[in-house]
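Please read through the structure below; I'll follow up with questions.
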Amino acid sequence: MPELPEAERARATLESVLGRRITAVDDSDTYVCRPHQAGEIAAALVGHELVSAHRRGKFLWLQTDDGPTLGLHLGMAGAIALEAARDKPIWDRFTVEFEDGSRFALRDRRRLARAVLNPDFSHVGPDAADVGRDEFRRRIGAGNTALKARLLDQGAISGVGNLLADQALWQARLAPQRTTSQLSAEDLDRLRRELRAAVRSAIRRGGVHTGSFVEVRDREGACPRCARGLARATVGGRTTYWCPACQE
DNA sequence: AGGTCTGTTCAGCT
DNA sequence: TAGCTGAACAGACC
(Lines give C-alpha, C1' and ligand atoms only; values in the text may rest on other atoms or scores of the structure.)
Protein backbone atom coordinates (compact mmCIF):
# COMPACT_ATOMS: atom_id res chain seq x y z
CA MET A 1 0.00 0.00 0.00
CA PRO A 2 2.43 2.61 1.07
CA GLU A 3 3.29 5.30 -1.39
CA LEU A 4 3.71 9.00 -0.69
CA PRO A 5 0.13 9.57 0.58
CA GLU A 6 0.34 6.64 3.00
CA ALA A 7 3.75 7.80 4.19
CA GLU A 8 2.33 11.26 4.84
CA ARG A 9 -0.49 9.75 6.87
CA ALA A 10 2.09 7.79 8.87
CA ARG A 11 4.09 10.97 9.47
CA ALA A 12 1.00 12.73 10.76
CA THR A 13 0.30 9.79 13.06
CA LEU A 14 3.85 9.98 14.41
CA GLU A 15 3.35 13.64 15.32
CA SER A 16 1.01 12.48 18.05
CA VAL A 17 3.84 10.74 19.93
CA LEU A 18 6.22 13.70 20.01
CA GLY A 19 7.36 15.21 23.28
CA ARG A 20 7.44 12.06 25.41
CA ARG A 21 10.50 10.42 26.86
CA ILE A 22 11.37 7.03 25.42
CA THR A 23 11.56 4.30 28.05
CA ALA A 24 11.88 1.14 25.93
CA VAL A 25 12.55 0.07 22.35
CA ASP A 26 12.09 -3.37 20.81
CA ASP A 27 14.52 -3.69 17.92
CA SER A 28 14.93 -7.45 18.17
CA ASP A 29 13.88 -8.09 14.56
CA THR A 30 17.32 -7.63 13.09
CA TYR A 31 16.07 -7.98 9.55
CA VAL A 32 13.77 -4.98 9.83
CA CYS A 33 15.94 -2.99 12.24
CA ARG A 34 19.29 -1.74 11.02
CA PRO A 35 22.06 -1.80 12.25
CA HIS A 36 21.78 -5.51 12.76
CA GLN A 37 22.87 -5.72 16.35
CA ALA A 38 19.76 -6.12 18.49
CA GLY A 39 19.66 -3.44 21.19
CA GLU A 40 21.71 -0.92 19.26
CA ILE A 41 18.78 1.28 18.28
CA ALA A 42 17.33 0.86 21.76
CA ALA A 43 20.57 1.97 23.43
CA ALA A 44 20.69 5.05 21.21
CA LEU A 45 17.06 6.10 21.77
CA VAL A 46 16.12 5.29 25.36
CA GLY A 47 16.11 8.41 27.51
CA HIS A 48 15.61 10.72 24.54
CA GLU A 49 12.49 12.49 23.40
CA LEU A 50 11.13 12.65 19.85
CA VAL A 51 10.81 16.27 18.81
CA SER A 52 9.75 16.28 15.16
CA ALA A 53 8.42 13.98 12.41
CA HIS A 54 9.59 14.44 8.81
CA ARG A 55 9.01 12.91 5.40
CA ARG A 56 10.57 12.99 1.96
CA GLY A 57 8.86 10.81 -0.60
CA LYS A 58 8.20 7.53 1.19
CA PHE A 59 11.05 8.02 3.68
CA LEU A 60 10.21 9.04 7.24
CA TRP A 61 12.45 10.19 10.03
CA LEU A 62 12.07 11.31 13.63
CA GLN A 63 14.40 13.82 15.21
CA THR A 64 15.30 13.38 18.87
CA ASP A 65 16.32 16.10 21.30
CA ASP A 66 20.02 16.46 20.67
CA GLY A 67 20.30 12.74 19.95
CA PRO A 68 20.23 10.38 17.00
CA THR A 69 17.74 10.39 14.12
CA LEU A 70 15.41 7.44 13.67
CA GLY A 71 14.59 6.61 10.06
CA LEU A 72 11.47 4.59 9.19
CA HIS A 73 10.27 3.14 5.91
CA LEU A 74 6.96 1.35 5.45
CA GLY A 75 8.20 -0.97 2.72
CA MET A 76 5.44 -2.61 0.76
CA ALA A 77 2.90 -3.34 3.47
CA GLY A 78 3.95 -1.42 6.60
CA ALA A 79 2.00 1.01 8.76
CA ILE A 80 2.44 2.97 11.99
CA ALA A 81 0.21 1.53 14.73
CA LEU A 82 -0.45 3.37 17.98
CA GLU A 83 -2.49 0.63 19.60
CA ALA A 84 -0.83 -2.53 20.83
CA ALA A 85 -1.70 -5.47 18.62
CA ARG A 86 -3.93 -8.03 20.30
CA ASP A 87 -4.24 -10.72 17.70
CA LYS A 88 -1.11 -10.34 15.58
CA PRO A 89 1.66 -8.93 17.79
CA ILE A 90 4.15 -10.82 15.66
CA TRP A 91 3.56 -8.23 12.95
CA ASP A 92 5.00 -5.44 15.13
CA ARG A 93 8.58 -5.43 13.87
CA PHE A 94 9.80 -2.41 15.82
CA THR A 95 8.24 -0.82 18.91
CA VAL A 96 8.89 2.34 20.91
CA GLU A 97 7.39 2.86 24.37
CA PHE A 98 7.09 6.15 26.26
CA GLU A 99 7.12 7.17 29.90
CA ASP A 100 3.36 7.75 29.97
CA GLY A 101 2.67 4.17 28.86
CA SER A 102 1.86 5.00 25.25
CA ARG A 103 3.68 3.41 22.33
CA PHE A 104 3.94 3.10 18.61
CA ALA A 105 4.92 0.21 16.40
CA LEU A 106 6.12 -0.32 12.86
CA ARG A 107 3.65 -3.02 11.85
CA ASP A 108 4.37 -5.01 8.71
CA ARG A 109 3.25 -8.48 7.69
CA ARG A 110 6.01 -8.84 5.15
CA ARG A 111 9.06 -7.54 7.01
CA LEU A 112 10.05 -5.28 4.15
CA ALA A 113 9.71 -2.20 6.36
CA ARG A 114 12.84 -0.68 7.91
CA ALA A 115 13.86 1.08 11.09
CA VAL A 116 17.28 2.69 10.70
CA LEU A 117 19.50 4.70 12.98
CA ASN A 118 20.80 7.95 11.47
CA PRO A 119 19.58 7.26 7.94
CA ASP A 120 21.32 8.66 4.88
CA PHE A 121 18.99 10.35 2.42
CA SER A 122 21.68 11.80 0.17
CA HIS A 123 20.58 9.64 -2.77
CA VAL A 124 16.87 10.40 -2.40
CA GLY A 125 15.44 12.86 -4.90
CA PRO A 126 13.13 15.77 -4.07
CA ASP A 127 9.61 15.02 -2.92
CA ALA A 128 7.23 14.43 -5.83
CA ALA A 129 4.79 17.00 -4.45
CA ASP A 130 7.40 19.72 -3.93
CA VAL A 131 9.72 19.43 -6.91
CA GLY A 132 9.94 22.60 -9.00
CA ARG A 133 9.26 22.86 -12.71
CA ASP A 134 12.84 23.16 -13.93
CA GLU A 135 14.16 20.45 -11.66
CA PHE A 136 11.34 18.12 -12.70
CA ARG A 137 12.14 18.68 -16.38
CA ARG A 138 15.80 17.98 -15.72
CA ARG A 139 15.40 14.92 -13.53
CA ILE A 140 12.55 13.19 -15.36
CA GLY A 141 13.51 14.20 -18.88
CA ALA A 142 17.14 13.12 -18.62
CA GLY A 143 18.59 9.89 -19.95
CA ASN A 144 16.93 7.24 -22.01
CA THR A 145 14.52 4.99 -20.18
CA ALA A 146 10.81 4.28 -20.01
CA LEU A 147 9.00 7.22 -18.45
CA LYS A 148 7.34 5.06 -15.84
CA ALA A 149 10.66 3.53 -14.77
CA ARG A 150 11.98 7.03 -14.20
CA LEU A 151 8.95 8.06 -12.14
CA LEU A 152 9.57 5.05 -9.90
CA ASP A 153 13.24 5.97 -9.44
CA GLN A 154 13.34 7.42 -5.92
CA GLY A 155 16.67 9.04 -6.67
CA ALA A 156 15.10 11.12 -9.44
CA ILE A 157 12.04 12.20 -7.50
CA SER A 158 10.73 10.45 -4.43
CA GLY A 159 7.33 9.22 -3.36
CA VAL A 160 5.89 7.73 -6.56
CA GLY A 161 5.02 4.04 -6.41
CA ASN A 162 3.50 1.70 -8.94
CA LEU A 163 -0.11 2.81 -8.54
CA LEU A 164 0.54 6.54 -8.31
CA ALA A 165 2.70 6.31 -11.43
CA ASP A 166 -0.12 4.69 -13.43
CA GLN A 167 -2.61 7.25 -12.09
CA ALA A 168 -0.45 10.28 -12.93
CA LEU A 169 0.46 8.98 -16.40
CA TRP A 170 -3.18 8.39 -17.18
CA GLN A 171 -4.12 11.90 -16.01
CA ALA A 172 -1.32 13.39 -18.12
CA ARG A 173 -2.28 11.21 -21.13
CA LEU A 174 1.24 9.86 -21.46
CA ALA A 175 2.01 6.22 -22.24
CA PRO A 176 4.16 4.55 -19.57
CA GLN A 177 6.69 3.18 -22.05
CA ARG A 178 7.40 6.54 -23.65
CA THR A 179 11.13 7.23 -23.67
CA THR A 180 12.24 10.03 -21.39
CA SER A 181 14.46 11.65 -24.01
CA GLN A 182 11.51 12.05 -26.38
CA LEU A 183 9.39 14.11 -24.01
CA SER A 184 8.79 17.77 -24.74
CA ALA A 185 8.98 20.43 -22.05
CA GLU A 186 5.23 20.70 -22.41
CA ASP A 187 4.80 16.96 -21.77
CA LEU A 188 6.96 17.19 -18.67
CA ASP A 189 5.18 20.23 -17.31
CA ARG A 190 1.80 18.59 -17.81
CA LEU A 191 3.02 15.44 -16.12
CA ARG A 192 4.32 17.40 -13.15
CA ARG A 193 1.02 19.21 -12.79
CA GLU A 194 -1.01 16.00 -12.94
CA LEU A 195 1.35 14.18 -10.59
CA ARG A 196 1.00 16.91 -7.98
CA ALA A 197 -2.75 16.86 -8.41
CA ALA A 198 -2.83 13.07 -8.01
CA VAL A 199 -0.69 13.22 -4.87
CA ARG A 200 -2.77 15.94 -3.25
CA SER A 201 -6.01 14.20 -4.08
CA ALA A 202 -4.73 10.91 -2.67
CA ILE A 203 -3.58 12.57 0.57
CA ARG A 204 -6.90 14.37 0.95
CA ARG A 205 -9.02 11.31 0.18
CA GLY A 206 -7.04 8.92 2.32
CA GLY A 207 -4.76 6.92 0.06
CA VAL A 208 -3.52 6.15 -3.39
CA HIS A 209 -6.27 3.57 -3.89
CA THR A 210 -8.84 6.39 -4.14
CA GLY A 211 -7.51 7.51 -7.52
CA SER A 212 -10.07 7.34 -10.33
CA PHE A 213 -7.75 5.28 -12.52
CA VAL A 214 -6.46 3.11 -9.68
CA GLU A 215 -10.03 2.12 -8.88
CA VAL A 216 -10.49 0.51 -12.30
CA ARG A 217 -6.92 -0.69 -12.64
CA ASP A 218 -7.22 -4.40 -13.43
CA ARG A 219 -7.63 -6.83 -16.30
CA GLU A 220 -11.33 -6.12 -16.69
CA GLY A 221 -11.01 -2.37 -16.14
CA ALA A 222 -12.17 0.31 -18.59
CA CYS A 223 -10.79 3.81 -19.04
CA PRO A 224 -12.80 6.31 -16.93
CA ARG A 225 -12.50 8.80 -19.80
CA CYS A 226 -13.23 6.83 -22.96
CA ALA A 227 -14.49 3.48 -21.62
CA ARG A 228 -12.06 1.49 -23.72
CA GLY A 229 -10.48 -1.61 -22.15
CA LEU A 230 -7.12 -1.08 -20.46
CA ALA A 231 -3.83 -2.45 -21.72
CA ARG A 232 -1.52 -4.36 -19.42
CA ALA A 233 2.23 -4.98 -19.63
CA THR A 234 5.39 -4.96 -17.55
CA VAL A 235 7.13 -1.59 -17.66
CA GLY A 236 10.08 -0.72 -15.47
CA GLY A 237 9.80 -4.20 -13.99
CA ARG A 238 6.32 -3.54 -12.64
CA THR A 239 2.82 -4.51 -13.68
CA THR A 240 1.46 -1.55 -15.58
CA TYR A 241 -1.99 -0.58 -16.84
CA TRP A 242 -2.82 2.23 -19.22
CA CYS A 243 -5.45 3.33 -21.74
CA PRO A 244 -4.15 2.67 -25.26
CA ALA A 245 -6.58 5.20 -26.69
CA CYS A 246 -6.00 8.16 -24.34
CA GLN A 247 -2.32 7.80 -23.53
CA GLU A 248 0.49 8.25 -26.05
C1' DA B 1 -2.71 -27.61 -1.63
C1' DG B 2 0.12 -25.42 -4.58
C1' DG B 3 1.19 -21.93 -7.80
C1' DT B 4 1.03 -17.04 -8.82
C1' DC B 5 0.88 -12.31 -7.70
C1' DT B 6 1.91 -8.22 -4.82
C1' DG B 7 1.69 -1.21 -3.36
C1' DT B 8 9.42 -1.24 -2.44
C1' DT B 9 14.22 -1.15 -2.30
C1' DC B 10 18.79 -2.56 -3.25
C1' DA B 11 22.79 -5.26 -4.86
C1' DG B 12 24.91 -6.79 -8.69
C1' DC B 13 25.60 -7.22 -13.45
C1' DT B 14 26.12 -5.56 -18.28
C1' DT C 1 27.41 5.16 -16.07
C1' DA C 2 22.89 4.29 -16.49
C1' DG C 3 19.66 1.01 -16.78
C1' DC C 4 18.01 -3.73 -16.19
C1' DT C 5 17.12 -8.08 -13.44
C1' DG C 6 16.25 -10.60 -9.59
C1' DA C 7 16.34 -11.24 -4.60
C1' DA C 8 14.68 -10.16 -0.03
C1' DC C 9 9.90 -11.29 2.74
C1' DA C 10 5.38 -13.30 3.71
C1' DG C 11 0.57 -12.95 2.99
C1' DA C 12 -3.56 -12.85 -0.30
C1' DC C 13 -5.84 -14.86 -3.82
C1' DC C 14 -7.39 -18.31 -7.16
Side-chain angles (χ1 to χ4, degrees), chain A residues 1-10 28-36 55-61 71-80 85 87-94 106-116 119-125 127-128 138-170 176-183 195 198-199 201-203 205-221 232-242:
Chain A
M1 247 167 147
E3 298 191 36
L4 190 160
E6 288 74 18
E8 173 54 26
R9 165 163 288 191
S28 55
D29 186 329
T30 54
Y31 186 82
V32 169
C33 304
R34 314 292 174 98
H36 287 267
R55 179 189 61 76
R56 183 147 129 220
K58 309 170 199 175
F59 295 86
L60 302 166
W61 69 97
L72 298 171
H73 195 287
L74 302 176
M76 220 153 108
I80 300 299
D87 43 347
K88 303 284 187 187
I90 53 168
W91 288 346
D92 287 354
R93 313 296 185 181
F94 173 75
L106 181 56
R107 186 168 299 169
D108 178 21
R109 304 188 304 277
R110 294 181 60 180
R111 295 177 79 205
L112 291 168
R114 293 289 180 267
V116 183
D120 173 19
F121 296 133
S122 59
H123 298 299
V124 178
D127 190 90
R138 207 161 53 234
R139 288 172 169 270
I140 302 301
N144 213 28
T145 189
L147 174 56
K148 179 171 174 181
R150 177 58 50 71
L151 285 176
L152 295 173
D153 179 354
Q154 306 300 300
I157 59 168
S158 61
V160 180
N162 198 29
L163 299 186
L164 199 48
D166 282 2
Q167 176 73 41
L169 288 167
W170 176 80
Q177 53 278 88
R178 274 284 289 279
T179 302
T180 49
S181 62
Q182 296 173 343
L183 297 164
L195 176 57
V199 168
S201 169
I203 290 174
R205 299 174 60 180
V208 70
H209 59 280
T210 61
S212 57
F213 185 77
V214 173
E215 283 178 342
V216 301
R217 185 187 171 280
D218 62 43
R219 284 186 178 84
E220 285 73 45
R232 180 187 197 266
T234 298
V235 181
R238 316 294 305 282
T239 300
T240 300
Y241 289 88
W242 74 99

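Labels below follow one simple rule: chain letters A, B, ... track the order of the sequence lines, proteins then strands, and each chain is numbered from 1.
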Side chain Glu6(A), main chain Ile203(A), donor-acceptor under 3.5 Å: no
CZ (Arg178(A)) with more than 12 external heavy atoms under 6.0 Å: yes
Check: dT9(B) base within 3.5 Å donor-acceptor of Arg114(A) side chain: no
Sugar-phosphate, base or nothing in reach of Arg232(A), heavy atoms under 4.0 Å: sugar-phosphate
Nearest-angstrom distance from the residue atom CG of Asp166(A) to P of dG7(B): 9 Å
Distance in angstrom units between Met76(A) CE and dG7(B) P, rounded: 6 Å
Rounded distance (Å) that lies between atom P of dT6(B) and atom CG of Leu164(A): 18 Å
Distance, rounded to the nearest Å, where Arg219(A) contributes CZ and dT6(B) contributes C1': 12 Å
Qualifying residues under side chain to side chain donor-acceptor pair (under 3.5 Å), relative to Arg217(A), sequence neighbours excluded: Asp166(A)
Rounded distance in Å between the P positions of dG11(C) and dC10(B): 23 Å
Touch class at under 4.0 angstrom, heavy-atom based, for Arg110(A) against every strand present: base
Within 45° cone of Tyr31(A) ring axis and under 6.0 Å: Arg114(A) NZ or CZ: yes
Phosphate-side-chain proximity, Gln154(A) and dT8(B), N/O vs OP1/OP2 below 4.0 Å: no
Touch class at under 4.0 angstrom, heavy-atom based, for Asn144(A) against every strand present: sugar-phosphate
Residues Val160(A), Val199(A); criterion side-chain contact (heavy atoms from CB on, under 4.5 Å); working and verdict: CA-CA 9 Å; Val160(A) 180; Val199(A) 168; 5.8 Å; no
dG7(B) OP1/OP2 closer than 4.0 Å to side-chain N/O of His209(A): no
First and last nucleotide of DNA chain C, 5' to 3', lying under 4.0 Å from heavy atoms of chain A: dG3(C) to dG11(C)
Whole-Å gap separating C1' (dT8(B)) and CD (Glu6(A)): 13 Å
Pairwise side-chain contact, Trp170(A) with Tyr241(A), heavy-atom cut-off 4.5 Å (strictly under): no
Aromatic ring pairing Phe121(A)/Trp61(A), orientation class (parallel under 30°, perpendicular over 60°, tilted between): tilted
Gap between atoms CZ and P, on Arg217(A) and dT6(B) respectively (whole Å): 8 Å
Test: Asp127(A) and Arg55(A) ion pair at under 4.0 Å: yes
All stems with DNA chain C, defined as three or more consecutive Watson-Crick or G-U pairs under 3.5 Å: B:2-6 with C:10-14, B:8-14 with C:2-8
Any Thr239(A) side-chain nitrogen or oxygen under 4.0 Å from OP1 or OP2 of dT6(B): yes
Atom C1', compared across dG3(C) and dG7(B): separation rounded to whole Å: 23 Å
Asp108(A) vs Leu74(A) side-chain heavy atoms within contact, under 4.5 Å: no
Sugar-phosphate, base or nothing in reach of Gly237(A), heavy atoms under 4.0 Å: nothing
Between P of dC5(B) and CG of Asn162(A), the distance in whole Å: 14 Å
Check: Thr145(A) and Asp153(A) side chains under 4.5 Å, non-hydrogen atoms: no
